[in-house]
Amino acid sequence: MKDKLIIFDTTLRDGEQSPGASMTRDEKIRIATALERMKVDVIEAGFPAASQGDFESVQAVANAIKDSTVCGLARALNKDIDRAGEALKGAESSRIHTFIATSPIHMQMKLQMQPEQVIEYAVNAVKRARQYTDNVEFSPEDAGRSEEDFLCRILEAVIDAGATTLNIPDTVGYSMPHQFGATIANLIERIPNSDKAIFSVHCHNDLGLAVANSLSAVLNGARQIECTINGLGERAGNASLEEVVMAVRTRQDMFPCVTGLDTTEIVTCSKLVSTITGFPVQPNKAIVGANAFAHESGIHQDGVLKSRETYEIMKAEDVGWSANRMVLGKHSGRNAFKTRMNELGVQFAGEADLNDAFFRFKQLADKKHDIFDEDLQALMSEVSVDADDEKVKLIALQVCSETGETPRAEVTIRVGDEEMTGTSSGGGAVDAALKAIESLVNTESTLVLYSVNNITSGTDAQGEVTVRLDKAGRIVNGLGADTDIVIASAKAYISAVNKLQSADARQHPQKGEV
Ligand code: KIV
Ligand code: ZN
């Protein structure tokens with residue numbers, strides 16, 4: 001029997017710390033549900049003490065998730081631990097993850113604390129967290145640049161205080177794989193009570209080594225990896241979940257452990273996270289990039305046709321790539337639609353939600369002959385805006401774009417019960433349309449991102465537009481999909497406006513109160 005490798009996903013916490021990757025509470029629940037379906041062991045849902053919005057998101061995820069453990073992050077401070085404990089109350093299985101920095105530079109410059117004091121804070125935090133749950137994780141932040149002797153002392157003390165998982169973060173992505181692996185082996189060997197806790201790693205990708213460092217740690221005794229979908233995270237990101245999981249699975253000849261993940265959910269999860277955050281996946285990204293299983297060269301194609309293993313080390317279906325097929329069309333009924341949506345992990349809150357989604361599906365099917373899973377996912381990104389939060393609605397859009405003429409747009413929206421029309425010119429049809437909307441809604445926000453991607457191939461494919469607005473530190477992503485990209489852009493802008501106005505909108509964690 002091989003050991004279990006625990007997969008701890010921090011897309012909703014560290015992933016959300018990517019500049020601009022902010023998620024609403026509902027979006028966090030959708031991602032958490034997809035992670036749960038993939039059988040991720042632990043979902044770090046956020047940092048409850050960071051803001052009221054973060055607290056409520058962690059609480060909502062804790063209430064929604066049944067099969068995975070839900071975790072909340074807390075500094076080694078009583079008020080943080082209490083907030084995390086409170087937010088996690090409704091969870092079937094909860095974990096508090098507390099941390100304090102241990103590297104000389106962080107202790108001296110950031111914390112301005114003596115090492116003994118840092119140990120005291122860590123021990124107190126773990127003891128306090130144990131009052132809420134018996135599943136407590138401790139991280140010595142910046143462990144990658146901490147002194148090994150000091151790590152041994154603090155980790156021994158927190159195990160005695162009740163920590164059940166010791167997470168070793170390479171916070172600034174400074175470690176090299178052989179060195180990081182050796183550190184894990186040394187800690188396990190040198191700490192007298194190390195057998196009472198699971199060793200975990202949390203690697204950042206500043207030198208592109210997050211996955212390599214995580215795997216080296218596993219070969220040296222770590223039994224939990226902290227990672228994110230698509231490698232999202234602070235700066236260059238975290239170790240990517242899909243890469244570590246598929247490396248361990250593909251190289252079972254090397255690894256003494258297995259994950260319990262359903263890898264066929266990987267691609268769906270990756271697309272969901274990319275859609276919600278507005279961070280596209282590069283085509284050559286391992287496992288989840290559009291080209292990850294595409295063979296272009298004639299020699300490779302010939303080899304694969306003769307024997308798949310000549311150039312493929314994994315099966316595309318094993319990570320969920322088989323989903324790219326026509327699933328529904330113009331004549332599909334409500335039941336077929338609902339069934340496929342459920343298979344994609346979408347549960348409708350009630351008949352009204354289902355009817356609304358089905359209506360939008362029929363509208364799309366009138367314009368586009370073949371409907372793929374990706375189209376359905378995009379449809380749900382629009383529908384998922386809570387009806388109560390959809391204060392602004394697009395009613396009509398007309399654009400005039402001619403060679404040699406300045407493009408103009410006329411937009412009609414409904415705000416509450418009032419219908420209003422605005423016009424604007426712009427550098428292009430999209431610019432004119434978005435300016436016309438802004439002239440009506442006056443958000444006073446800054447557009448920090450506009451991106452358009454084709455959801456499937458062909459000129460009748462839907463364009464999926466992401467618009468990111470920043471209003472005094474509140475960052476929201478709006479999504480819109482349509483076979484007409486000007487309409488998709490208007491939908492995306494209006495979706496962002498609705499999020500800005502919703503009670504759910506909150507400070508991006510990087511600009512939060514902590
Ligand atoms: O990178 C880091 O050190 C962290 C800790 C909070 C684990 O994210
Ligand atoms: Zn981190």
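All ligand and atom numbering here is 1-based and tracks the order in the structure. Throughout, numbering of the chain's residues begins at 1 and tracks the sequence.
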> Relative to the heavy atoms of His204, which atoms of ligand 1 are at a distance of less than 4.0 Å?
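In order of number, 1 (O).
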
> Any nitrogen or oxygen of Asp142 lying under 3.5 Å from a nitrogen or oxygen in ligand 1? Just yes or no.
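By distance alone, the answer is no.
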
> Hey, is Arg249 close enough to Glu242 for a salt bridge, meaning N to O under 4.0 Å?
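Judged by the 4.0 Å cut-off on N to carboxylate O distance, Arg249 and Glu242 do not form a salt bridge.
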
> What atoms of ligand 1 come within less than 4.0 Å of a heavy atom belonging to Glu141?
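Contacts of ligand 1 toward Glu141, numbered from 1: 3 (O).
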
> In the protein, what heavy atom is nearest to atom 4 (C) of ligand 1, and what distance, to one decimal place, separates them?
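Result for atom 4 (C) of ligand 1: His202 NE2, 3.5 Å.
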
> Look up atom OG1 in Thr98 and atom CG in Asn124, then write down how far apart they are to the nearest 0.5 Å.
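Going from the OG1 atom of Thr98 to the CG atom of Asn124 covers 10.5 Å.
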
> Does any N, O or S atom in Glu226 come within less than 2.8 Å of the Zn ion (ligand 2)?
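Checking Glu226: none of its N, O or S atoms is under 2.8 Å.
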
> For atom 5 (C) of ligand 1, which of Arg75, His106, Arg13, Glu226 has the closest heavy atom?
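Among Arg75, His106, Arg13, Glu226, the closest heavy atom to atom 5 (C) of ligand 1 comes from Arg13.
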
> Counting from 1, what ligand 1 atoms have a heavy atom of Asp14 closer than 4.0 Å?
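Numbered from 1, ligand 1 contributes 8 (O).
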
> Ion pair present between Asp80 and Arg83, side-chain N to carboxylate O less than 4.0 angstrom?
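Between Arg83 and Asp80 there is no salt bridge, as every charged N stays at least 4.0 Å from the carboxylate O atoms.
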
> Identify whether the distance between the nearest side-chain nitrogen and carboxylate oxygen of Glu234 and Arg13 falls below 4.0 Å.
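Salt bridge between Glu234 and Arg13, a charged N being under 4.0 Å from a carboxylate O: no.
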
> I'd like to check whether Thr171 has a polar contact with ligand 1, where a contact means an N/O of the residue lying under 3.5 Å from an N/O of the ligand.
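Yes, there is a polar N/O contact under 3.5 Å.
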
> Does the side chain of Ser200 come within less than 4.5 Å of Phe8's, by heavy atoms?
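A side-chain contact under 4.5 Å is absent here.
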
> Do NZ/NE/NH1/NH2 and the carboxylate oxygens of Glu265 and Lys39 come within less than 4.0 Å?
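No.
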
> For Glu234 and ligand 1, answer yes if some heavy atom of the residue is under 4.0 Å from a ligand atom, otherwise no.
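Checking ligand 1 against Glu234, which is what was asked, there is no heavy-atom contact under 4.0 Å.
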
